[in-house]
Amino acid sequence: DRQGETWESKPAKSDADAVHLVGVELGTAPSVAEWLRQKAKEIPEEDLTREALAEALQKVLECRGALPQHAPSGEHSSQLTDLAASLSEMQKQLSKQRESLSSRKEELAKRELELKEEERKFAAAEQQRAKDEEARRNYPMPAWLSKSCDGTMNVAVVGNSGVGKSLLINKLRRLKPGMPNWAMTGVQETTLSPTMYTFPGVDRVRLWDLPGAGTTEFPQETYVRDMGLRYFDSVLIVTAGRFTTTEVLLRAELEKYEIPYFMVRTKIDLDVWNNKLDNNLDEDATIQNIRDELRSLHGVN
């Protein structure tokens with residue numbers, strides 16, 4: 001518009017004043033088409049989309065390949081080969097992963113079993129701890145035993161009065177009357193309180209002569225607790241003649257708490273002598289009868 005000019009190639013007749021046009025040649029202006037061509041040459045050419053279009057076409061060429069994608073070619077065969085190789089490699093990796101997973105499953109199953117076993121052991125230990133705490137509350141260690149129990153072997157000798165416990169302790173230690181540490185014996189109850197006797201030459205092994213059970217001072221119901229039998233290494237249940245209800249009940253309670261014990265029959269010589277006089281049976285027969293009775297009535301071998 002700035003460069004626009006108005007040309008009147010065939011002016012119409014006019015009565016207007018044209019004094020200022022004196023000297024101007026009329027009818028010599030170019031035609032409109034010619035004028036436009038001249039002006040087009042004078043105006044600089046501006047194509048704003050050419051560069052963008054060239055850039056887009058370049059990207060298409062880069063992604064195109066040798067031929068259009070829809071054109072038949074031999075590239076599919078090559079692609080198939082590459083895909084087959086890739087698939088084979090993936091299958092191999094998957095197989096290895098499966099083997100590794102199987103091994104991991106076995107290891108995991110093994111660890112789970114180990115964990116369950118540890119949990120079982122822990123539960124058992126916890127249960128045992130609770131039992132021990134309850135036992136310590138209900139069965140405290142007697143003061144007279146706690147002073148000499150640590151690091152020593154203690155054997156309790158129990159039974160009714162008059163069965164020969166003190167004499168048995170002397171015989172086990174190979175002592176004779178009048179020797180040092182001889183345990184006093186008698187027809188009456190001579191053991192009124194727990195008495196300790198060390199084994200000759202092995203001071204850490206102790207034999208305890210305990211008062212008989214089933215008396216007013218030491219009732220059967222609390223005898224195991226009162227005597228602290230759960231803290232002894234083993235117990236000798238001594239009787240002369242048949243085992244009474246007291247010994248049988250004591251044996252049952254020892255078994256309940258898994259305390260090792262031995263049932264001892266004393267004064268066999270008197271049984272042999274009486275059986276000889278009353279039934280004319282010799283010593284071997286009498287001893288065999290006693291053994292059979294212990295085995296059949298009490299399960300003692």
Side-chain angles (χ1 to χ4, degrees), residues 142 144-145 148-149 152-220 223-224 226-229 231-251 254 259-278 281-291 293-295 297-298 300-301:
W144 48 265
L145 181 60
S148 60
C149 185
T152 61
M153 178 183 294
N154 296 276
V155 178
V157 182
V158 301
N160 292 330
S161 61
V163 298
K165 293 177 296 178
S166 299
L167 182 60
L168 175 63
I169 291 175
N170 290 328
K171 292 294 185 181
L172 290 175
R173 296 186 300 149
R174 299 296 189 269
L175 297 181
K176 296 180 180 180
M179 295 181 65
N181 296 323
W182 168 265
M184 294 296 296
T185 61
V187 295
Q188 297 180 345
E189 179 62 63
T190 57
T191 306
L192 301 179
S193 61
T195 306
M196 180 190 70
Y197 298 95
T198 59
F199 201 89
V202 190
D203 293 341
R204 294 175 61 190
V205 177
R206 285 94 182 270
L207 297 174
W208 289 83
D209 188 355
L210 303 182
T215 63
T216 303
E217 295 185 8
F218 307 103
Q220 174 67 44
Y223 188 78
V224 172
D226 296 339
M227 294 295 104
L229 294 184
Y231 297 96
F232 280 86
D233 293 270
S234 61
V235 178
L236 303 183
I237 303 176
V238 184
T239 186
R242 291 181 174 86
F243 286 99
T244 65
T245 303
T246 300
E247 286 93 21
V248 173
L249 293 176
L250 178 58
R251 171 192 177 184
L254 294 177
I259 304 172
Y261 69 91
F262 297 89
M263 302 189 76
V264 181
R265 178 77 177 269
T266 61
K267 302 185 179 181
I268 298 296
D269 53 344
L270 295 178
D271 292 323
V272 171
W273 184 69
N274 289 328
N275 212 14
K276 178 65 175 178
L277 293 178
D278 297 340
L281 293 178
D282 59 14
E283 179 179 346
D284 293 338
T286 300
I287 293 176
Q288 186 60 47
N289 288 339
I290 293 174
R291 287 176 175 171
E293 181 182 283
L294 290 174
R295 185 180 298 108
L297 296 180
H298 307 291
V300 177
N301 295 323

Inset, instruction - Give, for atom CZ of Arg242 and atom CD of Glu247, the distance between the pair rounded to the nearest 0.5 Å. - result: 13.0 Å
Legend entry - Test log, rule side chain to side chain donor-acceptor pair (under 3.5 Å), inputs Glu283 and Thr286: CA-CA 5 Å; Glu283 179 179 346; Thr286 300; over 6 Å; no
Legend entry - Verdict with reasoning, Leu249 to Tyr223, per side-chain contact (heavy atoms from CB on, under 4.5 Å): CA-CA 11 Å; Leu249 293 176; Tyr223 188 78; over 6 Å; no
Legend entry - From Leu175 atom CG to Phe199 atom CZ, the distance as rounded to the nearest 0.5 Å: 8.5 Å
Inset, instruction - Mind checking the CZ-CD1 spacing from Arg265 to Ile287? Nearest 0.5 Å is all I need. - result: 10.5 Å
Inset, instruction - Report yes or no: does Asp233 contribute a side-chain atom to a donor-acceptor pair with the main-chain N or O of Asn154 at less than 3.5 Å? - result: yes
Inset, instruction - Return yes if a side-chain donor-acceptor contact under 3.5 Å exists between Asp209 and Ser166, otherwise no. - result: yes
Inset, instruction - Give a yes or no on whether Met153 atom CE has more than 12 heavy-atom contacts from other residues, nucleotides or ligands under 6.0 Å away. - result: no
Legend entry - Smallest separation among heavy atoms of Arg174 and Lys171, with atom names: NH1-O, 2.9 Å
Legend entry - Nearest-0.5 Å distance, CE of residue Met196 to CG of residue Leu207: 10.5 Å
Inset, instruction - Work out which heavy atom in Thr152 is nearest to a heavy atom in Arg206; give both atom names and the distance. - result: CG2-CZ, 3.7 Å
Legend entry - Asn275 side chain to Asp271 backbone, donor-acceptor under 3.5 Å: no
Legend entry - Inter-residue atom distance Leu236.CG - Thr266.OG1, 0.5 Å rounding: 11.5 Å
Inset, instruction - Measure up the Trp208 and Phe232 rings against each other and bin them: parallel (under 30°), tilted (30 to 60°), perpendicular (over 60°). - result: perpendicular
Legend entry - Atom of Leu250, atom of Leu229 and distance for their closest heavy-atom approach: CD1-CD1, 3.9 Å
Legend entry - Met227 versus Pro194, closest heavy-atom pair with distance: SD-CG, 4.4 Å
Legend entry - Exercise: identify the closest heavy-atom pair between Val158 and Lys165: C-CD, 3.6 Å
Inset, instruction - Would you name the heavy atoms of Tyr261 and Leu254 that are closest together and state the gap between them? - result: CB-CD1, 3.7 Å
Legend entry - Interatomic distance, Thr195 atom OG1 to Trp144 atom CH2 [nearest 0.5 angstrom]: 9.5 Å
Legend entry - Expected output: side-chain Arg173 to main-chain Thr198 donor-acceptor under 3.5 Å: yes
